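Predicted model, so just to flag it, every value in this text is computed and none were measured. To find a chain, count down the sequence lines: A is the first, B the second, and so on, and within it residues start at 1.
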Amino acid sequence: MTRAVPRRFYDAGALEVAPQLLNKLLVRRSLAARIVEVEAYGGADDPASHAYRGMTRRNSTMFGPPGRLYVYFTYGMHFCANAVCGPAGEAEAVLLRALAPVSGLDEMRQGRHQGVRRLDDHQLTSGPAKLCQAFGIGADDDGADLVTGDRALRLVDDGVAPPAQPGVSGRVGIRVAADRPWRFWVPGDRNVSVNRIS
DNA sequence: CTTTGGATCGTCT
DNA sequence: GACGATCCAAAGG
C-alpha cells in the first residue's frame with residue numbers, strides 16, 4: 001500500500017529527517033523512484049549550507065515552510081533538489097543525491113539525453129543533478145509542495161522502511177564542514193552516487 | 001582503472 | 001570578478 005508522506009514528517013530537523021527519507025518514493029506523474037542517498041544541510045549553524053549567510057533571492061525557499069522543494073541552479077548547467085525541513089525560518093533541508101528508478105524508465109532516459117552512449121538503468125538517477133534531469137526538475141519547480149503535489153511532485157511511502165543501519169559519511173562536493181557525517185545512503189544500492197567512504 | 005579539464009552562468013562579494 | 005551541494009569525456013597509467 002502507498003500513502004502520502006504527511007506534512008509533520010518534515011517538522012523535525014534535517015539531520016533527523018534525512019535518514020528517514022531513505023526508501024521513500026519520489027513520484028511525478030508516471031515517474032517513480034526510490035530515494036537511496038541524501039545529505040542533511042542546516043541553517044545558520046552549517047557553514048556548508050546555502051542558508052549560512054542568511055536569506056537571499058536564491059535560497060528563500062529554504063526559509064519557508066517545511067515539505068517544499070528547494071531547487072537551485074549551479075555550475076552554470078545543473079539543478080539540484082532538496083526537501084525543506086524544520087520550522088519555517090530555520091532553513092534546513094535534505095539534498096536528494098540519488099534515486100533508484102522504479103517506473104517510467106524510458107521517460108527518464110529521454111530527460112537525460114546527454115551524450116550519444118546508452119545509459120544503464122543505474123545511471124539514470126545516480127546523482128543530484130542527474131535525478132533532476134530525469135524528473136524534469138528545473139527552476140520552475142523551486143517551492144513545489146511535496147505534500148499537496150501542486151507541481152505534480154510528491155513524496156510517498158510504499159511501506160518499505162528506511163534501513164535500520166544506513167551508510168553514513170561526510171558530505172560530497174563541499175569544502176567546509178566536510179567532516180560532519182551528514183550523508184546517508186541505502187547500503188549496497190547500485191544507484192548510490194559515490195562509493196568512496198570517508 | 002584513475003585523473004583531469006571543460007562546459008557554462010546565476011549569485012553574491 | 002570568482003566560484004560553485006556536478007557531470008561527462010578524454011587522456012593517462
Side-chain angles (χ1 to χ4, degrees), chain A residues 10 13-15 17-19 21-22 26 33 35-64 66 68-86 90-101 108-144 146 166-185 190-198:
Chain A
Y10 304 96
L15 196 52
V17 171
L21 231 28
L22 294 175
L26 178 66
I35 298 172
V36 297
E37 182 188 352
V38 296
E39 282 176 359
Y41 283 86
D45 58 332
D46 181 4
S49 172
H50 288 170
Y52 183 56
R53 294 172 197 283
M55 184 165 71
T56 64
R57 163 110 91 269
R58 178 207 211 189
N59 66 20
S60 62
T61 297
M62 286 187 78
F63 287 82
R68 307 237 282 234
L69 197 69
Y70 166 49
V71 179
Y72 68 89
F73 180 70
T74 189
Y75 290 108
M77 61 174 75
H78 292 305
F79 292 98
C80 296
N82 307 249
V84 176
C85 301
E90 290 294 311
E92 300 195 7
V94 178
L95 172 68
L96 305 182
R97 278 202 60 87
L99 313 176
M108 292 183 193
R109 213 176 302 271
Q110 277 187 283
R112 284 195 26 77
H113 61 77
Q114 289 287 334
V116 192
R117 67 188 219 286
R118 178 202 157 75
L119 293 175
D120 294 329
D121 290 354
H122 70 274
Q123 305 183 95
L124 291 175
T125 52
S126 57
K130 297 180 191 177
L131 68 89
C132 283
Q133 284 179 19
F135 273 75
I137 294 173
D140 292 345
D141 297 306
D142 183 39
L146 295 170
V168 182
S169 80
R171 293 170 292 184
V172 175
I174 58 174
R175 313 202 45 147
V176 296
D179 55 317
R180 297 188 189 187
W182 287 6
R183 171 175 175 249
F184 306 90
W185 69 89
R190 305 223 311 144
N191 297 276
V192 171
S193 68
V194 185
N195 287 313
R196 77 175 105 100
I197 307 174
S198 165

Using 0.5 Å steps for rounding, measure from the SG atom of A/C80 to the CD atom of A/E39. 10.0 Å

Nearest 0.5 angstrom please: A/L146 CG to A/Y10 OH, how far? 5.0 Å

Nearest-Å distance, [atom1] ([X]) to [atom2] ([N])?
{"X": "A/R171", "N": "C/dA5", "atom1": "CZ", "atom2": "P", "value": "11 Å"}
{"X": "A/M77", "N": "C/dC3", "atom1": "CE", "atom2": "C1'", "value": "14 Å"}
{"X": "A/H50", "N": "B/dT13", "atom1": "NE2", "atom2": "P", "value": "13 Å"}
{"X": "A/Q133", "N": "B/dT8", "atom1": "CD", "atom2": "C1'", "value": "14 Å"}
{"X": "A/L124", "N": "C/dC8", "atom1": "CG", "atom2": "P", "value": "11 Å"}
{"X": "A/M62", "N": "C/dA5", "atom1": "CE", "atom2": "P", "value": "11 Å"}
{"X": "A/L69", "N": "C/dA5", "atom1": "CG", "atom2": "P", "value": "17 Å"}
{"X": "A/Y52", "N": "B/dC12", "atom1": "OH", "atom2": "P", "value": "16 Å"}

Which nucleotide wins on minimum distance to the side chain of [X], given the candidates [options]?
{"X": "A/K130", "options": "C/dT6, C/dG4, C/dC8", "value": "C/dC8"}
{"X": "A/T56", "options": "B/dT11, C/dC7, C/dA5", "value": "B/dT11"}
{"X": "A/Y70", "options": "C/dC7, C/dA5, C/dC8", "value": "C/dA5"}
{"X": "A/A129", "options": "C/dG4, C/dC7, C/dC8", "value": "C/dC7"}
{"X": "A/I174", "options": "C/dT6, C/dA5, B/dC9", "value": "C/dA5"}

For B/dT8, give the paired nucleotide (Watson-Crick: N1-N3 plus N6-O4 or O6-N4; G-U: N1-O2 and O6-N3; both under 3.5 Å), or none. none

Base-pairing assignment for C/dA5 (Watson-Crick or G-U wobble, both under 3.5 Å): none

Answer yes or no: is there an ion pair linking A/D121 with A/R109, defined by an N-O contact shorter than 4.0 Å? yes

Do the side chains of A/R171 and A/D46 get close enough for a salt bridge, i.e. N-O under 4.0 angstrom? yes

Please indicate yes or no: is the ring centre of A/F73 less than 5.5 Å from the centre of the six-membered base ring of B/dG10, with the two planes inclined by under 30 degrees? no

Between A/D142 and A/A139 (side chain of the first, backbone of the second, donor and acceptor by atom type, cut-off under 3.5 Å), is there such a pair? no

Look at the side-chain N and O atoms of [X] and state whether any lies under 4.0 Å from the OP1 or OP2 oxygen of [N].
{"X": "A/R58", "N": "C/dG4", "answer": "no"}
{"X": "A/H78", "N": "B/dT8", "answer": "no"}
{"X": "A/R97", "N": "C/dT6", "answer": "yes"}

Under 3.5 Å donor-acceptor pair, A/Y75 side-chain atoms to B/dA7 base atoms: no

Could you work out the separation of B/dG5 and C/dC3 based on their C1' atoms and round it to a whole Å? 16 Å

Mind checking whether A/H50 and A/Y72 have parallel, tilted or perpendicular rings, split at 30° and 60°? perpendicular

